[in-house]
Amino acid sequence: MEKWILIDGNSIANRAFYAMPPLTNASGLHTNAVYGFTTMLLKLLEEEKPTHMLVAFDAGKVTFRHEGYGDYKGGRQKTPSELSEQFPLIKELLTSFGISQFELSGYEADDIIGTLTRMADEQGAEALVVSGDKDMLQLASDKVTVAITRKGVSEVERYSPAEIQEKYGLVPLQIIDLKGLMGDTSDNIPGIPGVGEKTALKMLHEYGSVEQVLEHSGDLKGKMKEKVEQHKDDAIMSKKLATIFREVPLEQGVEEMKYNGYEKPVLAEAFRKLEFKSLMERLDLTGEAVGAEGAVQAADLVVVTVTAGDDDALASLSCALPKVESIYCEVIGENPHQSETVAIAVASPDAIHVISLDEAKTDALGFFRDWLASTDAAKTGFDMHRVELSLAWHGLPINGIVFDVQLAAYLLDPTSTESAQTISGLCGKYGLPSVASDESVFGKGAKFKLPETEGLHAFIAAKADAVRRLADKQRTELERSGMYKLYYDLEQPLSRVLAGMELQGIRADASVIEQLGAELEGRVLELKGKIYELAGMEFNIGSPKQLGEVLFEKLGLPVKKKTKTGYSTDADVLEELAPYHDIIPSILMYRQLSKLQSTYVEGLLKEIRPNTGHIHTFYRQTIAATGRLSSQFPNLQNIPIRLEEGRQIRKAFVPSEPGWYMLAADYSQIELRVLAHISGDHGLKEAFLHDMDIHTKTASDVFGVRPEDVDSNMRRQAKAVNFGIVYGISDFGLSNNLGITRKEAAQFIEQYFVAFQGVRKYMDDIVMQARRDGYVTTLLERRRYLPEIKASNFNLRSFAERTAMNTPIQGTAADIIKLAMVKMDQELRTRELKSRMLLQVHDELVFEVPEDELEIMKKLVPDVMESAIELDVPLKADVSYGHSWYEAK
DNA sequence: CATATCACG
DNA sequence: ACGTACGTGATATGC
């Protein structure tokens, strides 16, 4: 007789995780859930002697349940990294046990188990389902027993249909009705509010099913009747959500679930890596020989901590350096310009050396510093842009960086979240030996804490080793996806260029900012008094909540827009309210000036280094989904310019040397030029070939008038249409922006597409291409995946379609200015110019230039920018200069 | 720690 | 019919 054991892997891993005390191995990897899972497996194997065994896992984030109900499992807090990092370990362990595992994208573990129990019923096999979830009780039958974990994992409570009858007075299938009525907070299944287990059971004993309860809702009394009648739909939906789907199209069959026992050496090796010493003894595995062939696993690493006094270790490091394949440098702190670098690990295939930074600075480690600084010593690392800055501030130059795992991960998927860009996350993605997450080792936020040296070094060593393996996989991936050149010829060199700009910093004159701050303070104070007077009370104007109450309740102004939490008071709303009350202009002005004061006056002053007077931003190269850079600590890409009051801030950005100039060059209409090129639209190309004013040209085509008859209003509207085109246009967005009706907006768009038919074709084609390939690309083959382009949800899909239209445009523009930056850096070096590139603001480059180079740079910078790449239309860069960034306009 | 707002391209 | 313009980061407020 066959005996199947079917385990709900996710549920048991969860139970084990919360039931077991924390447990970590030497490199900081959490193993408590793996341990709990293992003890449960051992117990089942011993007591049940199964002929077949299977562990099912949930796969993917979106299941068919989400299609009907977006909030399914919505309220659930996300899996802690301490647990998620253990899933790969559990899966590896199951393989060592010889136990098969199924998962299928779009289905949950209980659906897979439900399908298999149906097969057990049909084939007359005996099955035991093991889970922590009572939902599973619906699967019980003559053949199927359900075991639910009780406190911990190894103790279970078994339910046959008779036992379910005894305990609940229900047949197994009625468990679904039970949940339909009472809901399940952990899965965010609503049920009927106020109905708990007791009430639900009473109703079911009386009526038998959700449908019957709803039909007889008239018989109920008082509050309960109201609740049931109000939430009929919720109950029906909840029942649907609680129903385990038993027709999963499984790719594997019963044959593959056969269990033939484990091989002792294999399991011994797995336990040894996990450091499960007690289990090894319990199973008498300690003496089992270890098959040493195959890759070295993370826990096998030979880790040498190098100290200046340890001659053996020094010799070993010196020997290993030529064979080093990867480096990991632990930088603590978000801002690399003020970070602590604790230690560096270098990994070769047979050993990893860890050097604390203090040791690295000693005389005995001079050879190591030379190696770091050597251009010939190739280095593969992680987040080396940050590392370079951090080390530079500690007086350690680093050269010869040839590959960066984080940068590669970004190119391979620029939308990957921050956690998917960590070493731990990447190891999971590529199926490499697990590495603990930074969060699980260090904690986060206020709880951040370095572990003791030994654990810290083991962790850093594990990361260095992982970098080596990851880089191998990624090089292939980059090649396969056609991004090899983009990586090696552009992004990797750019990383060094950025580091140079950031270390140089930009000079900021604190006295200019302070002066502006003093003026602002007076005006803000004055406005504050005026606002209090007009409101007839004092309140916190900076609080949207309090402001909303004053405007819409006290003063009774019409509500134009709501936010999730209350009234909207954003600038659009306030502008609409201006005709109703004199307080509005003052509030708008107050907002504008207090923003300047807090973000730009106070914010920037804090960022000026007292000894140099420089501000050092940090460009992030792995954040923006389109390929753009972003700027942090402080953000120098959003310094005010549009309004004169704010623009004054730019007067503080001055050259760092006396007599030098600030020089700025920006691309003119780069995105529309890119669009002209990639769409091949005849009219758009002609416009740029003749260097026409593009908004006037658009107005003339859209409104059907001669260019000289285009008035300023027509031009303004055409400009908005051009913006819309670049963003992936919709009539709603345009109507909102222009304050016209949707119908009128739709007409503008249609007229635009009649005039620029090539653009219409591009928009259609790119969306089709995204649907076909699952991604779009820029001119330099930068990729962005758009899985939601196939979503059935209108919103998600529309968003993906607009992104498909926008990303090749914005992304190609980003490619181009990056090319210009790398070229510009080279030109400055080869021509031995003293001028320095300081800032990039998406379509603008800012330099500081000595007077005697002004003439050269006025020509060189736009030349390099315009020739960065050859398109079917010319690129144009406008250059200007002055004594401050303000004057370079 | 999330939300609303606003600065830039 | 659905309901949003694309991409970022910093700040203050309030739970």
Side-chain angles (χ1 to χ4, degrees), chain A residues 77 334 414-415 444-446 539-548 561-574 587-588 590-604 606-607 617-620 623-643 645-647 649-650 666-667 669-671 675 720-738 742 745 749 784 791-811 813-814 817 839-845:
Chain A
Q77 65 203 79
E334 277 214 292
T415 54
K444 64 171 175 181
F539 64 101
N540 187 343
I541 311 166
S543 160
K545 188 165 175 254
Q546 293 181 35
L547 180 63
K561 200 161 65 171
K562 293 215 127 202
T563 66
K564 253 189 254 178
T565 51
Y567 310 112
S568 170
T569 66
D570 66 24
D572 276 353
V573 169
L574 293 182
I587 293 173
L588 281 165
Y590 176 89
R591 279 251 178 94
Q592 192 198 133
L593 300 185
S594 57
K595 173 94 179 175
L596 286 176
Q597 185 75 289
S598 62
T599 305
Y600 297 102
V601 171
E602 288 161 17
L604 286 179
K606 273 186 246 167
E607 298 289 345
T617 189
F618 174 45
Y619 288 107
R620 298 204 59 183
I623 296 294
T626 52
R628 277 190 175 183
L629 299 175
S630 85
S631 156
Q632 276 184 322
F633 317 131
N635 182 353
L636 293 183
Q637 290 182 319
N638 69 348
I639 301 302
I641 188 166
R642 292 173 191 171
L643 300 171
E645 283 96 337
R647 193 174 195 157
I649 283 280
R650 295 184 173 226
D666 68 315
Y667 280 113
Q669 302 297 350
I670 186 164
E671 291 188 334
L675 175 62
V721 172
N722 278 330
F723 267 95
I725 292 293
V726 169
Y727 291 157
I729 200 152
S730 75
D731 50 11
F732 186 90
L734 184 64
S735 71
N736 223 358
N737 189 285
L738 281 178
R742 252 174 84 166
I749 295 167
R784 178 172 181 179
S792 54
N793 180 312
F794 175 88
N795 273 332
L796 289 179
R797 191 176 64 245
S798 305
F799 185 62
E801 288 169 359
R802 290 196 299 275
T803 310
M805 301 182 222
N806 170 267
T807 294
I809 302 173
Q810 193 183 115
I817 194 163
L839 300 178
Q840 188 253 40
V841 194
H842 308 307
D843 66 352
E844 174 186 12
L845 295 176

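Please read all numbers here as calculations on a predicted model, not as lab measurements. Convention: sequence-line order gives letters A, B, ...; per-chain numbering from 1.
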Considering only the P atoms, how many Å lie between C:dC2 and B:dT5, rounded to the nearest integer?
24 Å
Flag the pair A:Leu796 / A:Phe794 as yes when at least one side-chain heavy-atom distance between them is below 4.5 Å, and no otherwise.
no
Quick one: A:Asn722 CG to C:dC6 P, roughly how many Å, whole number?
17 Å
So A:Arg591 and A:Leu574, do their side chains get closer than 4.5 Å, heavy atoms only?
yes
Looking for any heavy atom pair under 4.0 Å, which part of the strands does A:Ser594 touch: base, sugar-phosphate only, or nothing?
nothing
Spacing of A:Lys561 atom NZ relative to C:dT4 atom C1', expressed in whole Å
11 Å
Inter-residue atom distance A:Gln669.CD - A:Leu675.CG, 0.5 Å rounding:
11.5 Å
Please give the stem ranges for DNA chain C, sorted by first residue number, where a stem is three or more consecutive Watson-Crick or G-U pairs and both donor-acceptor distances are under 3.5 Å.
B:1-9 with C:6-14
With respect to the phosphate group of C:dG7, does any side-chain polar atom (N or O) of A:Arg784 fall under 4.0 Å of OP1 or OP2?
yes
Name the residue from A:Leu604, A:Thr599, A:Val841 that meets the side-chain contact (heavy atoms from CB on, under 4.5 Å) definition with A:Ile639.
A:Leu604
When all nucleic acid strands are considered with a 4.0 Å heavy-atom cut-off, which category describes A:Val841: base, sugar-phosphate, or nothing?
sugar-phosphate
Checking A:Thr803 now: which residues fulfil side-chain hydrogen bond (donor to acceptor under 3.5 Å, both in side chains) with it, not counting sequence neighbours?
none
Same-atom distance (P) from B:dA4 to C:dA5, integer angstrom:
13 Å
When we call it a touch if two heavy atoms are under 4.0 Å apart, what does A:Ala720 touch: a base, just sugar-phosphate, or nothing?
base
Take atom OH of A:Tyr727 and atom P of C:dA5, then tell me their distance rounded to the nearest Å.
12 Å
Tell me every residue that passes salt bridge (charged side-chain N to carboxylate O under 4.0 Å, His left out) with A:Asp570, counting only those two or more places apart in sequence or in another chain.
A:Lys561
note: A:Lys562, atom NZ; C:dG3, atom P; distance rounded to Å ~ 17 Å
Does C:dG9 have its OP1 or OP2 closer than 4.0 Å to a side-chain nitrogen or oxygen of A:Ser630?
yes
How is A:Thr569 classified with respect to the nucleic acid when contacts are heavy atoms under 4.0 Å: base, sugar-phosphate, or nothing?
sugar-phosphate
Please work out if A:Ile623 contacts a base, only the sugar-phosphate, or nothing of the nucleic acid, heavy-atom cut-off 4.0 Å.
sugar-phosphate
Distance criterion of 3.5 Å, no angle test: do you see the side chain of A:Arg742 paired donor-to-acceptor with the base of C:dG3?
yes
C:dT4 pyrimidine/purine six-ring stacking with A:Phe732, under 5.5 Å and 30°:
yes
Roughly how many Å is it from CD1 in A:Ile641 to P in C:dT8, rounded to a whole number?
22 Å
Have a look at A:Ile809 and say if it touches a base, only the backbone sugar-phosphate, or nothing, with a 4.0 Å heavy-atom cut-off.
nothing
Examine the side chains of A:Gln637 and A:Ser631 and answer whether a donor and an acceptor come within less than 3.5 Å of each other.
no
If each of A:Asn795 and A:Thr803 is mapped to the nucleotide of DNA chain C with the nearest heavy atom, which maps nearer the 5' terminus, i.e. the 5' end?
A:Asn795
Hey, does A:Leu734 reach any base, or is it just sugar-phosphate, or nothing, if we go heavy atoms under 4.0 Å?
base
Kindly write out the residues that satisfy salt bridge (charged side-chain N to carboxylate O under 4.0 Å, His left out) with A:Glu844, not counting sequence neighbours, or none if the list is empty.
none
Going by side-chain hydrogen bond (donor to acceptor under 3.5 Å, both in side chains), name the residues that satisfy it together with A:Arg784, two or more places apart in sequence or in a different chain.
A:Thr807
Excluding sequence neighbours, so at least two apart, what forms salt bridge (charged side-chain N to carboxylate O under 4.0 Å, His left out) with A:Asp731?
A:Arg742
With sequence neighbours excluded, tell me which residues meet side-chain hydrogen bond (donor to acceptor under 3.5 Å, both in side chains) with A:Asn806.
none
Start and end of chain A contact along DNA chain B [non-hydrogen atoms, under 4.0 Å]
B:dT3 to B:dG9
In whole angstrom, give the distance that lies between atom CG of A:Asp731 and atom C1' of C:dA1.
13 Å
Between CG of A:Asn806 and C1' of C:dT8 the distance, given in whole Å, is 13 Å
Rounded distance (Å) that lies between atom P of C:dT4 and atom CG of A:Asn736
9 Å
Which part of the nucleic acid does A:Ala625 contact within heavy-atom distance under 4.0 Å: base, sugar-phosphate only, or nothing?
sugar-phosphate
Nucleotide by nucleotide, 5' to 3', does protein get under 4.0 Å of the base (B), only the sugar-phosphate (S), or neither (-) in nucleotides 10-15 of chain C, counting heavy atoms?
BSSSSS
Return the set of residues passing side-chain contact (heavy atoms from CB on, under 4.5 Å) with A:Glu602 (not counting sequence neighbours), or none when no residue passes.
A:Gln597, A:Ser598
Just to be sure I understand the rule, does A:Ala571 reach a base, reach only the sugar-phosphate, or reach nothing, if contact means heavy atoms closer than 4.0 Å?
sugar-phosphate
Decide yes or no, distance alone: a donor-acceptor N/O pair under 3.5 angstrom between the base of C:dT4 and the side-chain of A:Arg802.
yes
Using the ring pair (Phe, Tyr, Trp, His ring centres under 6.0 Å) criterion, which residues pair with A:Phe799? Sequence neighbours excluded.
none
By side-chain hydrogen bond (donor to acceptor under 3.5 Å, both in side chains) - contacts of A:Arg620 (at least two apart):
none
When all nucleic acid strands are considered with a 4.0 Å heavy-atom cut-off, which category describes A:Arg642: base, sugar-phosphate, or nothing?
base
